[in-house]
Asker: 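Below you will find the structure I want to go over with you.
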Amino acid sequence: MAENNTFPSQSASNDDYTNTSGTDIPETAGWHSPTQGGITTPIAPEGGIPAYPGNETGSPDSFPTRPDLPTFPNYPNLGYGQVRFINASTNTFPVIFSIDGTVYTTGSRFGNVSPYQGIADGFHTISVNRATGMQALLLQQTFPFIAGQKVTMVLVDAKEGGLDLLQIADTTCSNVPAGYGCYRVANVSYSGSAFDISLYNGDTVFRNVGFKDVTAYKRGLAGNYTFYMTNACFYTMPRELSVILIGAVTVSSPIASPLASANVTIQAGRNTTSYIMGNTWSSYGLRMVTVDD
């Protein structure tokens with residue numbers, strides 16, 4: 001037998017239906033009857049809308065409001081930072097830098113700078129091996145790395161002989177006015193060294209930068225500069241410039257016989273570091289190697 005798919009109109013009265021169940025249907029029963037088909041159906045008050053949880057009154061002015069969906073911040077490169085390697089060791093043989101057994105750069109020699117590469121957040125073991133011969137392990141150290149941060153790992157000559165690794169954070173220089181960049185200096189040359197960095201006119205930019213020291217960034221007006229390196233002067237206390245400006249002249253004592261110099265372009269909104277490396281007794285003389293951070 002075909003199913004009866006005809007449904008009564010909601011406006012029909014009780015007289016429109018035929019009771020075939022043998023049970024008396026109350027005259028008040030109808031399509032909206034609470035007992036219709038065994039289903040309890042809420043009845044709307046006159047002039048209102050059906051009641052439901054959150055709107056028990058059935059008032060048209062009591063519609064529930066949908067809560068706003070939560071918003072989540074956007075984290076680029078979630079879980080990863082960046083690392084690069086600089087070889088400031090005066091050994092004559094090339095080396096291999098690897099992290100947890102994965103080679104990051106090979107054939108690195110004195111003064112070489114690798115590009116930044118990704119590294120996962122957490123502790124990682126860095127190994128330094130000879131790139132020639134038996135590829136003997138020269139150094140192995142473990143460092144923490146933080147997601148979203150850039151660091152530079154510098155291979156240096158250790159005080160007691162051998163090698164050492166320095167981890168230098170390439171933090172951003174924030175709150176810089178428009179048209180300015182940031183500049184700093186790191187001494188990765190040899191144990192016991194200390195240097196002053198000045199402009200040609202004698203204005204001191206950084207004073208007494210010792211071995212393994214990394215200065216704070218200083219603001220610099222965007223442009224081209226030449227910085228000169230001399231042995232640290234301990235018998236006077238030269239005033240350091242708080243801001244590096246082109247053409248700023250506060251003294252009139254040009255630098256005489258600097259140990260090294262660097263031509264540096266400070267770019268607006270960018271960070272730059274000059275690494276002092278080398279020594280006076282090896283084939284790798286003192287120099288300033290400048291990189292963008």
Side-chain angles (χ1 to χ4, degrees), residues 83-99 103-117 126-141 143 151-170 183-200 205-215 225-233 255-265 272-293:
V83 60
R84 70 179 173 188
F85 292 91
I86 292 180
N87 188 349
S89 169
T90 56
N91 287 310
T92 57
F93 50 81
V95 299
I96 299 170
F97 293 105
S98 58
I99 301 179
V103 174
Y104 270 59
T105 182
T106 185
S108 176
R109 295 181 178 274
F110 172 80
N112 287 170
V113 181
S114 76
Y116 284 108
Q117 300 179 70
I126 298 178
S127 301
V128 182
N129 294 74
R130 289 189 65 139
T132 57
M134 298 294 291
Q135 297 188 357
L137 178 65
L138 303 173
L139 180 66
Q140 192 171 71
Q141 291 180 251
F143 296 89
V151 298
T152 297
M153 305 302 303
V154 185
L155 183 67
V156 299
D157 295 326
K159 177 180 179 180
E160 302 80 9
L163 300 171
D164 196 7
L165 269 173
L166 304 181
Q167 185 182 60
I168 298 176
D170 297 331
Y183 179 68
R184 68 177 178 177
V185 170
N187 182 357
V188 293
S189 57
Y190 59 90
S191 176
S193 61
F195 303 103
D196 290 342
I197 307 299
S198 306
L199 296 174
Y200 175 74
V205 181
F206 299 106
R207 183 175 60 84
N208 191 21
V209 184
F211 180 56
K212 296 186 180 181
D213 285 349
V214 182
T215 71
Y225 297 83
T226 300
F227 295 101
Y228 297 89
M229 182 179 74
T230 60
N231 286 317
C233 182
I255 295 296
S257 303
L259 300 174
S261 63
N263 295 318
V264 177
T265 298
T272 303
T273 302
S274 287
Y275 287 88
I276 303 170
M277 59 182 72
N279 53 48
T280 58
W281 60 87
S282 71
S283 57
Y284 301 115
L286 284 168
R287 66 198 65 188
M288 298 173 68
V289 176
T290 304
V291 295
D292 290 330
D293 300 331

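Below, all heavy atoms of this structure are taken into account, side chains as well, without hydrogens, waters or symmetry copies.
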Asker: Within this structure, what is the CE-CG distance for the pair Met134 and Asn129, rounded to the nearest 0.5 Å?
Answerer: 11.5 Å
Asker: Using the six-membered ring wherever Trp is involved, compare the ring planes of Phe206 and Tyr183 and label them parallel, tilted or perpendicular (cut-offs 30° and 60°).
Answerer: tilted
Asker: Taking the side chain as every heavy atom from C-beta outward, state whether Val156 and Phe211 have any pair of such atoms under 4.5 Å apart.
Answerer: yes
Asker: Are Tyr275 and Ile168 packed together at the side-chain level, in the sense that at least one heavy-atom pair is separated by less than 4.5 angstrom?
Answerer: yes
Asker: Would Asn187 and Ser189 count as having a side-chain donor-acceptor pair, cut-off 3.5 Å?
Answerer: yes
Asker: Which distance, rounded to the nearest 0.5 Å, do you find between the CG of Leu139 and the CG of Leu165?
Answerer: 5.0 Å
Asker: Does some side-chain heavy atom of Val205 sit less than 4.5 Å from a side-chain heavy atom of Tyr225?
Answerer: no
Asker: Do NZ/NE/NH1/NH2 and the carboxylate oxygens of Asp170 and Arg184 come within less than 4.0 Å?
Answerer: yes
Asker: Say you draw a straight line from CZ of Arg207 to OG1 of Thr215; how long is it, rounded to the nearest 0.5 Å?
Answerer: 12.5 Å
Asker: What heavy-atom pair brings Asp196 and Asn231 nearest, and what distance separates the two atoms?
Answerer: OD2-O, 4.0 Å
Asker: Closer than 3.5 angstrom, by distance alone: can the side chain of Ser274 be matched with the main-chain N or O of Met288 as a donor-acceptor pair?
Answerer: no
Asker: Between Leu155 and Asn91, is there a side-chain heavy-atom distance shorter than 4.5 Å?
Answerer: no
Asker: Are Phe97 and Ser108 close enough that some pair of their side-chain heavy atoms sits under 4.5 Å apart?
Answerer: yes
Asker: Are the side chain of Gln117 and the backbone N or O of Tyr104 linked by a donor-acceptor pair below 3.5 Å?
Answerer: yes
Asker: So, for Thr90 and Tyr284, which heavy atoms are closest and what is the spacing to 0.1 Å?
Answerer: O-CE1, 3.3 Å
Asker: Would a 4.5 Å heavy-atom cut-off, applied to side chains only, mark Phe143 and Val151 as touching?
Answerer: no
Asker: Show the numbers, then the answer: is there a side chain to side chain contact (heavy atoms under 4.5 Å, CB included) between Met229 and Val185?
Answerer: CA-CA 11 Å; Met229 182 179 74; Val185 170; over 6 Å; no
Asker: Supply the atom-to-atom distance Met153 CE to Ser114 OG, rounded to the nearest 0.5 angstrom.
Answerer: 11.0 Å
Asker: Is any side-chain heavy atom of Asp293 less than 4.5 Å from a side-chain heavy atom of Tyr116?
Answerer: yes
Asker: Can you tell me how far OG of Ser193 sits from CE of Met277, rounded to the nearest 0.5 angstrom?
Answerer: 12.0 Å
Asker: Looking at every non-hydrogen atom in both residues, tell me the closest pair between Gly107 and Asn112 and how far apart they are.
Answerer: O-OD1, 3.9 Å
Asker: Grab the two heavy atoms, one from Arg84 and one from Asp292, that are nearest each other, plus how far apart they are.
Answerer: NH1-O, 2.9 Å
Asker: Do you know which two heavy atoms are closest between Asp164 and Lys212, and how far apart they sit?
Answerer: OD2-NZ, 2.9 Å
Asker: Show the nearest heavy-atom pair for residues Tyr228 and Leu199, with the distance to one decimal.
Answerer: CD1-C, 4.0 Å
Asker: Donor-acceptor pair, distance only, cut-off 3.5 Å: does the side chain of Arg109 make one with the backbone of Thr92?
Answerer: yes
Asker: For the residue pair Phe195 and Tyr190, categorise the inter-ring angle as parallel (less than 30°), tilted (30 to 60°) or perpendicular (more than 60°).
Answerer: perpendicular
